[in-house]
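Below is one structure, written out as structure tokens; the observations come after it.
Count residues from 1 along the sequence.
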Amino acid sequence: MRLASPASRDRIRFHIEPCDLLWAIAASFIALALRDPALLEPGGFPAEIPAPYQFALLSTGCAILMIVGFRLSDHMGQFFSMRDAWAICAASACAVATSCVILFTFTRLEGVPRSTPLIFGLVLSAGVISSRVATRLLHKDAQRERPRGSDEPAELRRVIVIGVDGFVSAAIKLTDCLSPRTTQIVAALDGRAFLAGRKIAGVSIVGGPRDIGAVIDEYAVHGVYVDQVWLSEDKGFLPSELVDEIISQCEARGVAIVGMSEALNLISSPPASSAADVESGQKLEAPIYFERKRLFDACVASLLFVLALPIALCVAYVVFLDVGAPILFWQQRIGRNGQKFLLYKFRTYRAPFDKNGRPVAEERRLSSIGRMIRATRLDEIPQLYNVILGHMSLIGPRPLLPHDQPDDPGRRLSVRPGVTGWAQINGGTAVTPEEKNALDVWYIKHACLRLDLEIAIGTLLVALTGEKLNGRAVDHAIGWYRREFAAVAAFGPKAEEALRADSFEGLEEEYSV
């Protein structure tokens with residue numbers, strides 16, 4: 001999972017590289033020429049713009065818009081990767097789709113062969129990618145010509161890797177980029193016989209894992225003494241007895257054997273507070289109702305996402321004018337079973353630090369526009385995406401930051417967190433953490449379709465009239481919560497069934513909003 005930069009550190013520059021601009025302009029004309037050179041005849045231009053030239057102008061505009069929107073020019077060509085190639089293809093596809101929709105709406109694509117937009121997309125993708133590849137190759141040539149530090153063979157740590165995968169390939173490239181160079185991977189071994197004689201990132205695969213002793217000895221004959229053997233992280237292809245044999249052969253020759261993560265110092269240290277710590281409180285199984293409503297949540301969230309898209313675009317534009325880019329705010333929250341996920345909202349606060357890293361006063365961060373967006377809950381629209389992915393439910397306990405979790409988080413973490421919930425319509429920010437936890441746990445215990453419908457209606461009322469503290473609902477939830485814990489402490493899990501008598505029936509009219 002890759003994280004976006006915090007708002008104060010995200011330097012967004014809306015610009016386009018000259019090479020990308022050149023391809024955006026040339027791609028449409030190249031596509032027309034490839035399809036039929038006669039399409040480029042000027043006709044009655046400039047008195048009348050022929051249909052092919054209308055296509056070229058509109059396609060060029062859409063291509064420039066997508067290159068800027070996808071921020072393709074922010075990617076550095078010398079570090080071009082497949083991830084960048086996919087972004088270029090996505091931007092080209094969006095440019096083709098946008099231009100086709102506009103042209104078909106107004107002109108039905110008359111005068112332009114239907115295959116031309118597809119050719120345009122392919123030419124645009126190929127051109128932008130080829131320029132990135134050329135930049136990367138030129139950068140590599142410049143690096144080769146650059147004088148390196150002292151790389152005498154005796155100063156290098158010689159390494160053999162066992163196992164071939166993507167991690168090993170990246171490690172070889174990493175050691176090649178070191179300056180001054182300290183490590184050289186001289187050979188690779190793999191148990192798959194068909195890989196013998198091939199290369200990974202320029203390093204030859206010279207045999208299988210059982211050959212490690214013979215390979216070390218043979219390199220020594222040629223004056224290359226192996227200092228370490230690195231074992232791939234994917235150890236599934238090595239039986240335990242083979243691992244023991246490899247270790248014994250290395251120890252007999254005084255060669256250290258370590259895992260790749262340990263060799264590159266990539267072993268993660270125990271976190272200060274993990275999901276297991278968060279779940280250390282009493283954890284209960286979620287009622288079956290929460291499993292059954294997952295499909296309902298996904299369908300309704302998808303429908304709401306489509307219906308709310310025009311509103312979301314308007315809010316995004318207002319947010320951009322008010323607080324600037326980026327328009328989305330994210331935080332890592334704790335969800336069901338302690339799983340961490342990124343929760344998204346529209347930004348309503350200005351960045352907490354200015355461009356020089358100085359803190360911004362809290363009263364200057366929230367504008368009147370941001371306050372209105374928060375009051376109407378419009379900033380929560382992006383969380384429909386979280387619901388579709390399965391991180392959240394439409395209705396449930398609100399997800400909290402790790403340090404905001406109650407002392408007994410197991411109950412609230414037994415279900416998916418919600419976009420809105422019982423605590424939000426009975427006080428929201430006006431209730432204390434203890435009261436909010438009691439309201440959420442009460443909801444989990446009494447959840448049903450009727451209560452969810454009441455919460456949905458209550459959320460609309462809160463969005464229209466503002467938050468109001470429902471003291472009776474809060475007092476009831478606190479009392480119920482304390483009685484339940486006292487009963488569980490006294491009688492154990494059997495008290496759970498007895499407490500179900502104090503169910504939602506008869507309470508919903510008395511304590512509803």
Side-chain angles (χ1 to χ4, degrees), residues 4-5 7 10-35 39-40 49-77 80 83-132 135 305-306 308-328 346-347 381-382 385:
S5 304
D10 199 358
R11 298 289 181 259
I12 297 179
R13 299 184 303 155
F14 293 102
H15 73 291
I16 184 170
E17 292 290 333
C19 191
D20 294 342
L21 179 61
L22 177 62
W23 277 111
I25 297 172
S28 57
F29 293 98
I30 294 175
L32 291 168
L34 290 175
R35 180 61 181 83
L39 294 171
L40 293 176
I49 301 178
Y53 281 83
Q54 294 178 15
F55 164 79
L57 292 174
L58 184 60
S59 297
T60 298
C62 291
I64 292 173
L65 182 64
M66 294 305 164
I67 289 173
V68 173
F70 278 76
R71 300 174 63 178
L72 299 184
S73 295
D74 289 357
H75 302 172
M76 293 184 285
F80 178 71
R83 183 183 295 272
D84 299 329
W86 283 118
I88 292 170
C89 292
S92 299
C94 289
V96 170
T98 305
S99 60
C100 284
V101 168
I102 296 174
L103 281 172
F104 191 80
T105 301
F106 292 100
T107 67
R108 299 284 178 177
L109 279 175
E110 294 178 358
V112 179
R114 299 298 170 89
S115 60
T116 308
L118 177 60
I119 299 174
F120 163 69
L122 294 174
V123 171
L124 179 62
S125 299
V128 177
I129 289 175
S130 63
S131 65
R132 301 293 197 277
T135 302
F305 189 83
V306 174
L309 189 58
I311 301 175
L313 293 175
C314 294
V315 174
Y317 180 68
V318 171
V319 167
F320 179 75
L321 295 180
D322 184 39
V323 299
I327 60 174
L328 288 181
F346 282 121
R347 279 183 64 208
I381 293 177
Y385 176 70

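- Annotation for Phe70: atom CZ counts as buried by contact number, over 12 foreign heavy atoms lying within 6.0 Å.
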Could you pull out all donor-acceptor pairs under 3.5 Å where a side-chain atom in residues 55-63 meets a protein atom, sequence neighbours excluded?
{"residue": "Ser59", "atom": "OG", "partner": "Phe55", "partner atom": "O", "Å": "2.8"}
{"residue": "Thr60", "atom": "OG1", "partner": "Ala24", "partner atom": "O", "Å": "3.4"}
{"residue": "Thr60", "atom": "OG1", "partner": "Ser28", "partner atom": "OG", "Å": "3.4"}
{"residue": "Thr60", "atom": "OG1", "partner": "Ala56", "partner atom": "O", "Å": "2.7"}

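- Note: Glu17 CD to Thr135 OG1 = 9.0 Å, rounded to the nearest 0.5 Å.
- With sequence neighbours left out, the side-chain contact (heavy atoms from CB on, under 4.5 Å) criterion links Val96 to Cys100, Pro117, Phe120.
- Residue pairs meeting the side-chain hydrogen bond (donor to acceptor under 3.5 Å, both in side chains) criterion with at least one member in residues 104-130, sequence neighbours excluded, are Arg35-Ser115, Ser92-Ser125.
- What you find for Ala312 and Ile381 is that their closest heavy atoms are CB-CG2, 4.0 Å.
- The side-chain heavy atoms of His75 and Ile88, taken from C-beta on, include no pair separated by under 4.5 Å.
- Just one of Leu321, Val323, Asp322 meets the side-chain contact (heavy atoms from CB on, under 4.5 Å) condition when paired with Val319; it is Val323.
- For the side-chain contact (heavy atoms from CB on, under 4.5 Å) test, residues two or more places apart in sequence or in another chain that qualify with Leu40 are Phe29, Leu32, Ala33, Tyr53.
- Applying the salt bridge (Lys or Arg N to Asp or Glu O under 4.0 Å) rule to pairs touching residues 309-319 yields nothing, sequence neighbours excluded.
- The heavy-atom pair separating Asp20 from Ile67 by the smallest distance is O-CD1, 3.8 Å.
- For the pair Arg132/Leu72, a side-chain contact is recorded, criterion being any heavy-atom separation below 4.5 Å from C-beta on.
- Partners of Val123 by side-chain contact (heavy atoms from CB on, under 4.5 Å), not counting sequence neighbours, listed by chain and number: Trp23, Ala27, Ile30, Leu34, Ile119.
- Listed for the Ser131 side chain is a donor-acceptor partner under 3.5 Å among the backbone atoms of Val128.
- Taking all atoms of both residues into account, the shortest heavy-atom contact from Met66 to Cys94 is SD-CB, 3.8 Å.
- The heavy-atom pair separating Ile327 from Ala316 by the smallest distance is CD1-CB, 3.5 Å.
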